[in-house]
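Here is the naming used below: chain letters follow the sequence lines, and residue numbers restart at 1 for every chain. Here the structure is a predicted model, which is why all the values come from computation and not from measurement.
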Number of protein chains: 2
Amino acid sequence: MSGSVSPLAPKTYADMPPVRGVRMATAAAGIKYKNRTDVLMMVFDRPAAVAGVFTRSKCPSAPVDFCRANLAHGVARAVVVNSGNANAFTGRKGRESTKMTAEAAAKAIGCAENEVFLASTGVIGEPLDATKFSGVLDGLAASGTEDFWFEAAKAIMTTDTYPKVATRTADLGGVTVRINGIAKGAGMIAPDMATMLSFVVTDADIPAPVLQSLLSAGVGPTFNAVTVDSDTSTSDTLMLFATGAVAGQAPVTADDASLDGFRTALNDLLRDLALQVVRDGEGARKMVEVTVEGAESDAAAKRIALSIANSPLVKTAVAGEDANWGRVVMAVGKSGEMADRDRLAIWFGDVRVAVDGERDPSYSEDATTAVMQKQDIPVRVEIGLGNGRATVWTCDLTKEYVEINGDYRS
Amino acid sequence: MSGSVSPLAPKTYADMPPVRGVRMATAAAGIKYKNRTDVLMMVFDRPAAVAGVFTRSKCPSAPVDFCRANLAHGVARAVVVNSGNANAFTGRKGRESTKMTAEAAAKAIGCAENEVFLASTGVIGEPLDATKFSGVLDGLAASGTEDFWFEAAKAIMTTDTYPKVATRTADLGGVTVRINGIAKGAGMIAPDMATMLSFVVTDADIPAPVLQSLLSAGVGPTFNAVTVDSDTSTSDTLMLFATGAVAGQAPVTADDASLDGFRTALNDLLRDLALQVVRDGEGARKMVEVTVEGAESDAAAKRIALSIANSPLVKTAVAGEDANWGRVVMAVGKSGEMADRDRLAIWFGDVRVAVDGERDPSYSEDATTAVMQKQDIPVRVEIGLGNGRATVWTCDLTKEYVEINGDYRS
């Protein structure tokens with residue numbers, strides 16, 4: 001873990017109220033870190049509906065394989081998460097480790113193994129000794145409390161410098177339901193259909209297929225629109241649970257207009273957590289919001305935006321507070337998407353720096369530098385070819401990123 | 001320019017003999033740098049055959065547009081290169097600048113404007129004041145000498161810490177011909193069908209279409225197989241000229257077996273120059289050779305190899321001498337190409353670190369660390385699915401890269 005908190009951290013953390021139907025507990029099992037919690041157990045009082053999206057990596061971790069298999073069952077009773085070891089690329093030992101953990105969790109709370117979901121985060125390729133924490137699960141299952149969200153978020157941190165929490169409410173079926181979420185992630189962040197680790201729980205009563213539809217749609221402009229370093233993790237896991245413990249809610253049968261309020265609140269919460277992840281990007285000093293408009297399609301706009309957001313030269317220029325918009329031109333040009341150099345326009349904040357294929361006639365270095373000196377830097381590119389639009393978020397690339405990642409394992 | 005020479009620089013530079021039929025001269029025109037040369041003029045005694053490959057950027061520089069248009073003519077009399085300003089994203093002013101330069105060069109040596117080729121390298125988006133160096137072209141045209149290759153390479157440097165030169169000979173049509181080349185490049189290096197700037201001249205007599213065929217084939221496993229930072233320049237230009245000044249060579253009519261010796265020598269020279277570029281990667285302390293075998297196809301292998309070579313987490317681990325092979329697994333997994341986690345094997349140098357989807361049973365941290373402490377680090381990945389194979393080269397990602405690029409324009 002980094003020694004100091006990111007300067008982009010929230011000034012205050014959300015006050016996290018309980019969500020009916022779920023209890024949590026944490027333990028310090030000494031998997032890798034000293035003097036901190038590294039195991040989280042969530043237990044649902046009754047079977048909860050579950051949805052999930054996972055990394056598109058061709059080399060997923062053992063827990064990702066395990067969760068994918070159990071998701072078909074659509075019911076969750078417990079979640080066990082550890083930090084300090086990703087249990088990724090650990091072969092047969094990795095599968096044995098997930099099996100041992102699931103068995104211990106199922107026994108502790110009296111459920112089937114396929115009602116248990118697992119996630120691990122940390123170093124890749126080191127065998128995970130599940131005996132270290134399978135022994136603590138009985139105690140965690142018994143001691144869980146509803147008012148434990150902040151501690152839960154802390155237990156799953158790796159190189160994160162602050163815990164990531166968010167909460168929302170929504171009107172659904174005649175009642176007010178709550179949605180709470182936690183996330184972790186700071187490096188190896190370029191989610192592709194999922195994210196690092198994030199767990200979201202609502203007390204709403206929503207069937208698993210509807211929940212999955214909401215989550216799959218919600219992840220695109222949120223967790224899949226942030227990037228720290230263009231590196232997609234083997235462990236990306238985002239799960240959404242519905243305990244159904246709210247009283248008096250009218251039944252939900254399909255992902256339709258009756259869910260509008262819930263959908264909006266969920267997407268807002270996912271965006272909140274995703275931005276907290278990017279604001280904790282390893283070594284980050286500045287956040288960059290990249291908006292591309294006028295591309296051939298929304299998908300093309302997103303690829304151009306990610307080409308800009310992942311460019312080491314754009315990110316180092318931001319770190320140096322250098323209004324080097326020529327590198328934005330470069331990143332548009334290399335994206336592979338259609339662009340007409342002579343129609344491009346680029347803004348840093350409200351300052352238009354380039355238009356019609358060249359530097360803006362009224363370009364002011366001072367005005368642009370003033371934008372670069374801020375903590376949050378909006379970059380907007382107008383392609384001038386169509387109506388495609390996308391926004392993605394990233395952070396700057398600093399010497400601290402190099403330092404953190406030059407010596408992560410030790 | 002960086003203050004100190006890359007530790008990966010060649011211990012000695014090639015002794016560059018003249019190539020018959022071409023003369024060079026340089027000048028210090030003060031385009032951006034002080035106290036150094038920044039304009040190079042190459043003049044061919046007689047019209048030379050010419051071939052070129054250029055950036056695939058959708059936002060190419062004005063000189064790239066200019067060269068592409070002239071290439072159809074197939075004949076070169078002069079090349080003018082400046083450093084310090086890329087004349088990219090400079091709109092109408094950029095086109096006027098190339099036209100003014102070409103006019104001045106054509107007038108100085110008495111040729112047509114479409115027999116002139118231009119290249120510019122440096123900052124993007126700043127208008128290039130061609131009057132600064134169009135005035136020196138008369139003098140350069142008159143003062144060119146054959147024995148000036150090393151000085152030519154120095155004049156085109158930007159953030160390079162050393163000049164890049166290479167020379168080869170080959171048997172062709174009953175005589176020995178010579179091939180000389182120079183290159184520049186240190187950042188914004190991820191060529192896509194071309195490279196930063198490189199100019200190669202032979203005294204062989206080879207028609208332009210054959211020359212183009214040789215160059216287009218040669219660039220794939222050489223300049224298009226190196227990456228410093230995954231950022232493709234707007235200015236990438238690689239040109240090959242054949243003066244035909246060698247005496248007594250039998251005519252060449254097609255790209256066939258009679259050219260085998262020449263082709264081998266040319267490809268070897270291109271590889272030499274490309275590796276010199278990556279060894280001068282901004283802030284580089286180590287070179288990494290990434291070989292991927294057993295992929296579904298050669299193209300798939302190259303995409304996987306580039307995913308590894310462009311991963312900030314792999315590159316920072318190399319900088320930190322950390323044998324973090326889990327990040328290689330990550331980069332294979334995110335490449336989008338077919339991979340079966342449980343068939344993967346990975347070597348650092350001669351040390352197999354992973355096999356059959358997990359850490360090698362005989363893994364030795366000491367042996368692996370010994371590899372990481374070397375200056376040149378071979379990484380090999382066996383995918384286990386087919387016969388596709390590729391090798392690419394990159395460098396580590398250091399704090400110095402961040403420093404150099406956080407303040408490039410000033």
Report summary line: If one checks every heavy atom of A:Thr90 against chain B at 4.5 Å, the contacting part turns out to be backbone
Query raised in the report: Does any heavy atom of chain B fall under 4.5 Å from the side chain of A:Ala331, the backbone, both, or neither of them?
Result: neither
Query - Pairs of heavy atoms under 4.5 Å with chain B: top-ranked of A:Ser233, A:Ser230, A:Gly187, A:Gly94 - result: A:Ser230
Requested in this report: Under 4.5 Å, counting heavy-atom pairs only, tell me which of A:Lys315, A:Arg92, A:Glu337 racks up the most with chain B.
Outcome: A:Glu337
Selection from [options] maximising heavy-atom pairs under 4.5 Å formed with chain A:
options                               : answer
B:Val332, B:Leu344, B:Asp342          : B:Leu344
B:Pro60, B:Ala317, B:Ala88            : B:Pro60
B:Ser335, B:Pro127, B:Ser307, B:Ala86 : B:Pro127

In the structure I gave you, are the side-chain heavy atoms of [X] and [Y] within less than 4.5 Å of one another anywhere?
X        : Y        : answer
A:Asn405 : B:Arg327 : yes
B:Thr369 : B:Phe348 : no
B:Glu400 : B:Glu282 : no

Query raised in the report: Any Lys/Arg nitrogen of A:Glu403 or A:Lys399 sitting under 4.0 Å from an Asp/Glu carboxylate oxygen of the other?
Result: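 No salt bridge links A:Glu403 with A:Lys399.
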Requested in this report: Classify the side-chain pair A:Ser311/B:Asp231 by whether it contains a donor and acceptor separated by less than 3.5 Å.
Outcome: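 Short answer, yes.
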Query raised in the report: Heavy-atom distance under 4.5 Å to chain A: side chain of B:Asp360, backbone, both or neither?
Result: neither
Query raised in the report: For B:Asp229, is it the side chain, the backbone, both, or neither that has a heavy atom closer than 4.5 Å to a heavy atom of chain A?
Result: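 For B:Asp229, the contact with chain A is made by backbone and side chain together.
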Query raised in the report: Does A:Pro312 offer a backbone N or O that forms a donor-acceptor pair with the side chain of A:Thr316 under 3.5 Å?
Result: yes
Report summary line: All heavy atoms of B:Thr234 vs all of A:Met330, minimum pair found to be CG2-CA, 4.0 Å
